[in-house]
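What follows is one structure encoded as structure tokens, with my remarks underneath.
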Amino acid sequence: MSLGQLHYTSAPPGPDGSGFRFTALTPGLPQSVLREAEQLIGYEPPRNAPSRPSATELEAFPRAFSYSELSDGSRLLARTVYTGADYSGRWGNFHAHAVHLAPGRQLPDGALPVSAWESPGWAAATPEGGAPPALAALPPSTLLDPAGLIAFAASRAPWLAAVFTDLQRQAEDETAPQVVLVERDSADVARWVALASAALPREAAHRLTFTTYTRRPHLAGQRIVGVLPDDAHGLAGSGRRYRVHDCSAPPPAPDGPAPGPDGSEPAPWAVAAARIWSAGAFELFQHAHRLPGEPFTAGPPSALALCAGIDLPSSHRTAAALWACEHPAELDGQELDGLVQTLAAPRQEAAVPAAETAALAELFARVGANLRPETAAPLAARLLTSAVRSDEPVRPPDPGALTDEVARQLAAELGPELRAGIADPAGGFARPLRLLRVAGLLAVDCSDLVAPLAHRLAAALLADPAAYGGELHETLADRPDLHTALLRELDAAALAGPASVTVLLERAPVELESREALPYLRMCGWKARGPAGGGGGDRNGELRAVLEAAGVSVFAHPPLLRVAFRLVWGSDTPTPEEARYVLAETGADVHRPAETWPFLVTAALNGRPGDPHADELAHELLAAFSRELRPHDRAALLLLEFARDLRAGGAGPGWVDRYLGLRRAAEPVNPTVLEHVCGRIARWLLTDPGAGRELDDLIRSRDADLCAAYERAAREDAIHGRLLREPRYFADRFVDWNAHPQAGGAWGKVRGALLDGVLRPAARALAAEDLAAVEAALAKRGARHAEDFRAWNRPGALSRLGLRFGGRDSRPGKGSPRRRGAGSDSGYGSGSGSGSGSDDRYRDGGVR
């Protein structure tokens, strides 16, 4: 590689003119480069410089050492010095020596541009011959020695982080402001560039342009601009273009790193780089540049700094630990030991941030097994201390991480805090669980605190099953005593509220293995985790399976039956058939101590109307629990048993009166029971040939439910079929439904509906011979019945019959009796009627 040379100064007249001009050039340099270079290598003496300096004073003038980017992408590295008088004796001359780097080229051997500060390769005057050859290299400066740079970094420690932060911004954003360094000596600006070049990623360091001195910073285009204090005036307040760092003044924050010119906090990478330079460990930068990670992340330099024992803020310790977790193989054993030892060292902070503690716990989990015991134990002790004293969750290390001596010391120091934290009910159970695990690691006896903790834990899980997490699962695995105590609490909760325990076991993988019986918990476990579909729709089969899951006999532990009932049926009620099956399979004796017989009573009283199992169950309950039944429930069950007797044909006379008496004792009666019994009575009244007197009792009872049930039963298809098939049955119903035309009340409301809504449609559907058969059957009951039927069935007879059978008023003084058939249609509720001298049941109020 070759470096084209340029020399520029004030020269006597020659072929190229006189005054300031290029006096020596390596052949082949483009004119465009020369034009741009001429604007970059000029020099103005300082404002207060002597106009005619002596040789000693000339040596004190600032040197303008610059590295600039040209428009074609090439670079110009230049050194400009003040030389005093020119060839003609005029003062103000300077000499510039520059080398040109083609686009994409670097100094030989990849040397950084700042290494050429005061290089022996720089010429103090124009060489003879006018066409110097290209240089092969620029020897590095002897003035930027490591010791000198370390001392300089220490003197500039308050500004390091702020300056490095601005340089990071420049490397990440080409539009970032220029960095203006105010120094009294241009050599110090070069040292700044050397510090930055070492810290920056290698590629960014090669792109970093700079000038160590200029009188006109507003005309400088480099990224770093060095100025004297007198030339910095006027730059303040122009933060969008310049970031001014006045290192000639006392630092604004003597006790720590100075903030940026705008008061912003330094970037994490910049802080790490500043600490490394302040500690004199600049060799760490080369190592950091080779480590994996994005540029300007704090992890790699922070990790190396901590390995070297350099203290860093908490955020950097966190970044270093996390980076080491991701790249543990990048650090050798000695470096890893150094990192862990630094991280485990006591801190001055009152409380270590949670993020740092979590990162240390993660690091210990990743690399703890590879550490020497004497290295691992202090970090493990710190993590355990944080776990006890921090409100944030901290994953404790494995038991083998502590030496016996460290464990004894921690147990003595943390024991009282551990016990107090485990017993504290405030703030949930997460922290007590962590503390209990730590107590186990340190062999601190907390056995008396386990049962109360399990009680709180069970209550929290039942309230919110989602609270069961990985940490709890691990703690239960580590502490069998807590696991056993928790299962006991859940077993007790299952006895009181099995549904909530079942929901918990459905949503949380609580391990149920135990040497103890825990029958209620095991039943809930079967319900929650048993075969899909449970008993396949067979709830009696499911009940058997749940009881078998308990592992103990229900006869020895009757409360199991109550819990099983609640698990199988929940808030529902068994059907009468299911209840009969349970009662037959278990017997009545177990239901008394189990207090499940009320479930069976409810099943009977809530049974579907018309279900024969309901009245059979009532009969069985009355026989089995006669002493336990309340009078109200007994009366309701007796109603159902009466319906059973009717169905079986075992009921004696006086059905309606018996029903009315039982109903009064059972009030308020369950509507399903009422519908069941009334429906059964109504059907028997409609089907039993000898039910005439019972119908009279129904009519006199004025019981609306019984009359309504009678109407519903009369409208059933079976009755309609008999009316069409059996003339005698039709005749009997005609006579019955004409009874008591003036009874009013409940019977008055349904009587007309029966005649008009049930009998008349049936009569219209009968053939002539069937109607004749009906009349013949009525004639056997009495001639008047047949005559009334013909009148009732004659077209247009509705209004006449209404008056004949329901419109008579026999009270004295109310006028003459009305002619039969006169008047308007008043409806069958008070109109039509029938009577017979041979049937005295209907004499009062009947048709005469």
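The first residue of the sequence shown is numbered 1, and numbering continues consecutively from there.
When all heavy atoms of H316 and A298 are compared, the pair lying nearest together is CD2-CB, 4.2 Å.
More than 12 non-hydrogen atoms from other residues, nucleotides or ligands lie less than 6.0 angstrom from CD of E667. Around the NE2 atom of H473, the shell of radius 6.0 Å holds no more than 12 heavy atoms that belong to other residues, nucleotides or ligands. For H327, the NE2 atom sits in a packed shell: over 12 heavy atoms of surrounding residues, nucleotides or ligands are nearer than 6.0 Å.
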Decide yes or no on salt bridge (charged side-chain N to carboxylate O under 4.0 Å, His left out) for E616 and R647, but give the supporting numbers first. CA-CA 10 Å; E616 291 292 347; R647 178 172 51 85; 2.8 Å; yes
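Between E413 and R389, at least one side-chain N (NZ, or NE/NH1/NH2) sits under 4.0 Å from a carboxylate O, which counts as a salt bridge. Salt bridge K527/E506: absent, no basic N to carboxylate O contact under 4.0 Å. Using a 4.0 Å cut-off between a side-chain N of Lys or Arg and a carboxylate O of Asp or Glu, E577 and R608 do not qualify as a salt bridge. One finds a salt bridge joining R317 and D311 here, because a Lys/Arg side-chain nitrogen approaches an Asp/Glu carboxylate oxygen to under 4.0 Å. Under the 4.0 Å criterion applied to side-chain N and carboxylate O atoms, R663 and D705 are assigned as salt-bridge partners.
Test H591, R566, R562 against T596 for side chain to side chain donor-acceptor pair (under 3.5 Å) and you get one pass: H591. Applying the side chain to side chain donor-acceptor pair (under 3.5 Å) test between R419 and each of D445, D424, D448 identifies D448 as the sole match.
Side-chain contact between L453 and R456 is present, with at least one heavy-atom pair separated by less than 4.5 Å. Between D645 and D615 the shortest side-chain heavy-atom distance does not fall below 4.5 Å.
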